[in-house]
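It should be emphasised that the depicted structure is a prediction, and the values quoted were computed from it without experimental measurement. Atoms within a ligand are numbered from 1 in the order they appear, just like the ligands themselves.
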Amino acid sequence: MARESHAIAPGLELSVLCFGPSGGRKAYLQAGLHADEFPGMLVLRALARRLAEAEARGLLRAEIVLVPQANPIGLTQTGTGFLFGRFETGSGENFNRCYPDLSDLGPLELGADAAANVATIRAAMGRALAAMQPEGALDRLRHRLLLLAHDADLVLDLHADNQAEPHIYVGPALWPEAQDIAAAIDARAVLLAEVSGGNPFDEACSGPWWALAARHPEAVIPPACLAATLEMGSNDDVDPARAEDQAAALLRVLEGRGLVEGPGGQPRLGCEATPLEAMAQLKSPVTGLVAYHCRLGDSLREGDLVATVIDPLGEETELRAETSGRLFARHSQPYAWPGRVIGKIAGAHPLSHRKRLLLTD
Ligand SMILES: [Zn+2]
């Protein structure tokens, strides 16, 4: 194992753990891009230990890069007794949005040989990244993370949701290819979108492949980077035993894909994949206290009462399910204001108003 350190700003370093032989296949896993989403950090710590053991036994067949804390900027943002890790406090920008578009590569020599095209495109992505001159700590962080991940075959970005069951976001071109990954985290929702809006990290890695395939119909361009956002549970889940289980399951993903020698194997996935346009975000129209009538994991029918928003000095407002499906996320702070998302339901049928920006801010 080699440990690298990259300067993001004076006093801010990004630590990177590298395992296995470079120059062949590559997997990249990061956690804590939203610096206040904690469970993934513990999972990668456990996975690092397992990979070090596998490396000592000569079992690694690929380069595996881990970044257990991908956001050193966010980790400094403490105030009023809490860490704020989702947005950069200076700019207000979401740490998981606005990644550079690596499909913008200029003219490319492409043909019928898929492997040659992958090599050509990765080299062009490397040149495009090398030519960028990011300014400021936030853009330097985005650039560095993409530089570390852009040439990987597998990219897993470990997040968590406010109060949630494990779920996963991935592109439709990568499904059901990513089924083993969803099963590994025991996902209760799999949300598919080709473009979810805002250029999050996983799509900055995977999306250029299908954008280039559409732009060059004469060439054979496979979706060469399987990138996914894994929501490992609730933001505040810090449970070493659960992290060990999730790390063991991710190691089995690496084994199953031939990146680490070992038996692999996953349990059966317990849900169907559904379109991200079909995911209902339950938004409050009013201010008040939120009293939930449903638990995480409840199967809802359209029109079911999910929560009541109670104005301590006035009325009560009922919030009902806009679609049928599983309630897989709620908010941990029981207070709402107009537009605030207090729940997410994985529906099966696209909702007509769900366009362009499909993720929660
Ligand atoms: Zn996140």
Open item on the list: Quick check: of its N, O or S atoms, which one does His34 have closest to the Zn ion (ligand 1)?
Closed with: ND1
- [ ] Measure from NZ or CZ of Arg330 to the centre of the six-membered ring of Tyr292 and say whether it is under 6.0 Å with the direction within 45° of the ring axis.
- [x] yes
Open item on the list: Between the Zn ion (ligand 1) and Glu37, which N, O or S atom of the residue is the nearest one?
Closed with: OE1
Open item on the list: Can you tell me if, anywhere in Glu231, an N/O/S atom lies at a distance from the Zn ion (ligand 1) that is smaller than 2.8 Å?
Closed with: no
Open item on the list: Under a plain distance cut-off of 3.5 Å, with no hydrogens placed, do His6 and Glu4 share a side-chain donor-acceptor pair?
Closed with: yes
TODO: Decide whether Glu13 and Ser5 meet the rule of one side-chain donor and one side-chain acceptor closer than 3.5 Å.
DONE: yes
Task: Residue pair Glu318 / His293, side-chain donor-acceptor N/O under 3.5 Å - done: no
- [ ] Would you name the N/O/S atom of His159 that lies closest to the Zn ion (ligand 1)?
- [x] ND1
